[in-house]
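Heads up, the thing below is written out as structure tokens.
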Amino acid sequence: MTCAQSLVGCELVWGKTAGRIVETEAYAEHGDQASHTFLRRGTREFIEINPPGTLYVYLNYGVHWLLNFLVKGGSANGFVLIRALEPTDGCQLMTQRRGRSGDRNLCSGPGKLTQALAIDSAFHGRDFFQISDARLLHRRRAVTVEIDRRVGITKSVELDWRFLLANSAFLSVPKKKNPPQSQLRRV
DNA sequence: ACACGGATACTA
DNA sequence: AGTATCCGTGTC
């Protein structure tokens, strides 16, 4: 999914906090058994009803809110899961919300970053571009994106739809594939 | 290695 | 109503 790849390196500004996106995953509406659309009618309807850029926020494992962007058109409809940020602003507030210190532990995971940014179900279904204090700043320089297998799923594991900022120290889990096998893309 | 914990979408 | 499932984290 090209959107997931394009978001790597961009800065997500969320109120008084902000972070550079260092890890994303793509989930496709069709042909992807790991996507909610595969089993949930409600998620398929969500795609029909809402415009691209709508936030899809849901609770995972009864503990963590996970942040997804709805993407439409292009090669396929689907969602981009934001999995990790490199904190760039508001570290003190994020540390306070997380209840832990250390910049590397603030947003290095999809559940951690929603806690750090104070994202929960209240933002589910909201159009990202209509949220006044939320912004997406495009990267100013080219970055190297590494392609890897998605994390934490049991179905459609063969799809390499995880996108990492190369050599980032703020990833949720290290890349699984070794450099010779992994693909690198200058984007 | 394991517990924690709730929305969703099924079944009946 | 009851149950199975689930894109994780922190601590054991």
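Throughout, protein chains are lettered first and strands after them, A, B, ... in sequence-line order, and every chain is numbered starting at 1. Small disclaimer: the values here were computed from a predicted structure and weren't measured.
Contacts of A/Tyr27 with the nucleic acid, taken as non-hydrogen atoms under 4.0 Å apart, include base atoms.
Proximity of residues 53-61 of chain A to DNA chain B (heavy atom under 4.0 angstrom from any strand atom) is restricted to A/Leu59, A/Tyr61. Across residues 88-108 of chain A, A/Arg98, A/Arg100 each have a non-hydrogen atom less than 4.0 Å from an atom of DNA chain C (numbered order).
A 6.0 Å sphere centred on CD of A/Gln92 holds no more than 12 heavy atoms belonging to other residues, nucleotides or ligands. Annotation: A/Asp133, atom CG; neighbour count of heavy atoms from other residues, nucleotides and ligands within 6.0 Å is above 12.
Phosphate proximity of C/dC7 to A/His36: present, with a side-chain N or O under 4.0 Å from OP1 or OP2. The side chain of A/Lys155 contributes an N or O atom lying less than 4.0 Å from OP1 or OP2 of C/dC6. An OP1 or OP2 oxygen of C/dG8 is reached within less than 4.0 angstrom by a side-chain nitrogen or oxygen of A/Arg83.
Listed here is the closest heavy atom pair of A/Cys107 and A/Pro87: SG-CG, 4.4 Å.
In this entry the distance linking CZ of A/Arg40 with P of C/dT5 reads 13 Å, nearest Å. One atom, CZ of A/Arg41, and another, P of B/dT11, lie 13 Å apart when rounded to the nearest Å. In this structure, CG of A/Asp120 is placed 14 Å from P of B/dG6, rounded to the nearest angstrom. Atom-to-atom, NZ of A/Lys112 to C1' of C/dC7 comes out at 15 Å; the value is rounded to the nearest Å. Between the CD atom of A/Gln33 and the P atom of C/dT5 there is a distance of 15 Å, given to the nearest Å. Between A/Leu39 atom CG and C/dC7 atom C1' the separation is 13 Å, expressed in whole Å. Straight-line distance from the CD atom of A/Glu23 to the C1' atom of C/dG8: 12 Å, rounded to whole Å. Nucleotide B/dA3 holds its P atom 16 Å from the NE2 atom of A/His64, rounded to whole Å.
When each of C/dC7, B/dG5, B/dA9 is scored by its nearest atom to the side-chain atoms of A/Leu81, the top-ranked nucleotide is C/dC7.
Geometric assessment of A/Arg40 against the ring of A/Phe46 yields a negative cation-pi assignment under the 6.0 Å and 45° thresholds.
Judged by distance alone, the side chain of A/Ser172 and the main-chain N or O of A/Arg83 form no donor-acceptor pair under 3.5 Å. A/Lys72 places a side-chain N or O within donor-acceptor distance of the main-chain N or O of A/Asn50, the cut-off being under 3.5 Å.
Ion pairing of A/Glu25 with A/Arg150 is absent here, as no side-chain N (NZ or NE/NH1/NH2) approaches a carboxylate O to less than 4.0 Å.
Here A/Arg20 pairs with A/Glu86, A/Thr88, A/Val143, A/Leu165 under the side-chain contact (heavy atoms from CB on, under 4.5 Å) rule; sequence neighbours left out. Among residues two or more places apart in sequence or in another chain, the salt bridge (Lys or Arg N to Asp or Glu O under 4.0 Å) test is passed with A/Arg44 by none.
Taking CZ from A/Phe79 and OG1 from A/Thr24, the interatomic distance works out to 15.0 Å, rounded to the nearest 0.5 Å.
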What side-chain donor-acceptor pairs closer than 3.5 Å can you find for residues 115-123 of chain A, not counting sequence neighbours?
| from | atom 1 | to | atom 2 | distance (Å) |
| --- | --- | --- | --- | --- |
| A/Gln115 | OE1 | A/Arg98 | NH1 | 2.7 |
| A/Gln115 | NE2 | A/Arg97 | O | 3.4 |
| A/Asp120 | OD1 | A/Ala122 | N | 2.9 |

Per-residue pairing states of DNA chain C in dot-bracket (Watson-Crick or G-U under 3.5 Å; . unpaired, | other strand) read ||||||.||||.
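Remark: of the listed residues A/Tyr56, A/Tyr27, A/Tyr58, A/Tyr56 is the sole one forming a side chain to side chain donor-acceptor pair (under 3.5 Å) with A/Thr43.
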